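Remarks on the structure that follows.
Note that the coordinates shown come from a computational prediction; the quantities given were computed from them, not determined experimentally. In this chain, numbering begins with 1 at the start of the sequence shown.
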Amino acid sequence: HRDQDRCQRIRKDAGVALQVVLDLGSARRRIDRHRDAAGEQDAEEAEEILDAGRQHDRHRRARLDPALQLEAWDPSAQVTYDRALLNELVSLRFLDAHAHVAIVGHVGVGKTFLAHAFGHIACRRGATVLAVRADQMLKTLQHARLDRTYEAELRKLIAVELLIVD
């Protein structure tokens, strides 16, 4: 029964992914026709709309919590932190350097918030992002070993530019 559910989810995900690809392809054709008919300025506006759709799709695939964005942070919160370090992390230079970042601290200090906020920034800049819970990731990998899809699951994790393990 569990295998049937998994197969149905995979088919549904594949259908959604195919629909997104088809939608982006038809949007590209409409932009090209629009460019021919209406001129370059209108085509640029249409291109911006298409880019916004791509960005929305990146955020959805990343599994980021939409509420956890740096813009939602309350600057009046009584929290002490190293502003220079935060600015360095927000710059995402660690992605270009292929460096790892570990955010550690006590329960409730905002580790998940910061990780997801960095993920949203990376998505807006065009990076591929995936946010997963550690327990769920380990369960998925354990099941993948049993059904011989371990390498495929591992490839999904290492294919992204920013992997957030919470």
> Which residues pass the side chain to side chain donor-acceptor pair (under 3.5 Å) test with Arg145, sequence neighbours left out?
Replying inline: none
> Atom CG in Asp166, atom CD in Gln136: separation rounded to 0.5 Å?
Replying inline: 12.5 Å
> Would you say Ile158 and Leu130 are hydrophobically clustered, going by side-chain heavy atoms of ILVMFWY under 4.5 Å?
Replying inline: no
>> Rounded to the nearest 0.5 Å, what separates atom CZ in Arg93 from atom CG in Asp96?
In response: 9.0 Å
>> Assess the residue pair Val165 and Leu157 against the criterion (side chain to side chain contact (heavy atoms under 4.5 Å, CB included)); give the C-alpha distance rounded to whole Å, side-chain angles, the decisive distance to 0.1 Å, and a yes or no.
In response: CA-CA 10 Å; Val165 181; Leu157 296 173; over 6 Å; no
> Measuring from Thr128:OG1 to Leu163:CG, what's the distance to the nearest 0.5 Å?
Replying inline: 10.0 Å
> Can you name the closest pair of heavy atoms from Gly119 and Ile164 and give their distance?
Replying inline: CA-CD1, 3.9 Å
> What residue among Glu151, Lys156, Arg155 forms side-chain contact (heavy atoms from CB on, under 4.5 Å) with Glu153?
Replying inline: Lys156
> Taking everything shown except Glu88 itself, do over 12 heavy atoms lie less than 6.0 Å from its CD?
Replying inline: yes
> Do Val101 and Phe118 have side chains that get closer than 4.5 Å, going by heavy atoms?
Replying inline: no
>> For a quick test of reading the model, state the closest non-hydrogen atom pair linking Asp65 to His116 and the distance between them.
In response: N-ND1, 3.0 Å
> When clusters are formed by joining ILVMFWY residues with side-chain heavy atoms under 4.5 Å apart, either directly or through shared neighbours, do Phe113 and Val109 land in the same one?
Replying inline: no
>> Between Ile121 and Arg124, is there a side-chain heavy-atom distance shorter than 4.5 Å?
In response: yes
>> If hydrophobic clusters are built from ILVMFWY residues whose side chains come within less than 4.5 Å, do Leu146 and Met137 share one?
In response: no
>> On a heavy-atom basis, which atom in Ala72 and which in Ala67 lie closest, and how many Å separate them?
In response: CB-O, 3.7 Å
>> Which heavy atom of His106 sits nearest to which heavy atom of Lys111, and what is that distance?
In response: O-NZ, 2.7 Å
>> Just verifying a value: how many Å separate Leu89 CG and Leu114 CG, rounded to the nearest 0.5 Å?
In response: 8.0 Å
>> Return the OG1 to CG distance between Thr140 and Leu154, rounded to the nearest 0.5 Å.
In response: 12.0 Å
> How many angstroms lie between atom NE2 of His120 and atom CG of Leu64, to the nearest 0.5 angstrom?
Replying inline: 4.5 Å
>> Show, in sequence, the C-alpha distance, side-chain angles and deciding distance for Val160 and Val129, and conclude whether the side chain to side chain contact (heavy atoms under 4.5 Å, CB included) test is met.
In response: CA-CA 6 Å; Val160 296; Val129 178; 5.9 Å; no
>> Tyr81: which residues meet the side chain to side chain donor-acceptor pair (under 3.5 Å) condition with it, sequence neighbours left out?
In response: Arg83
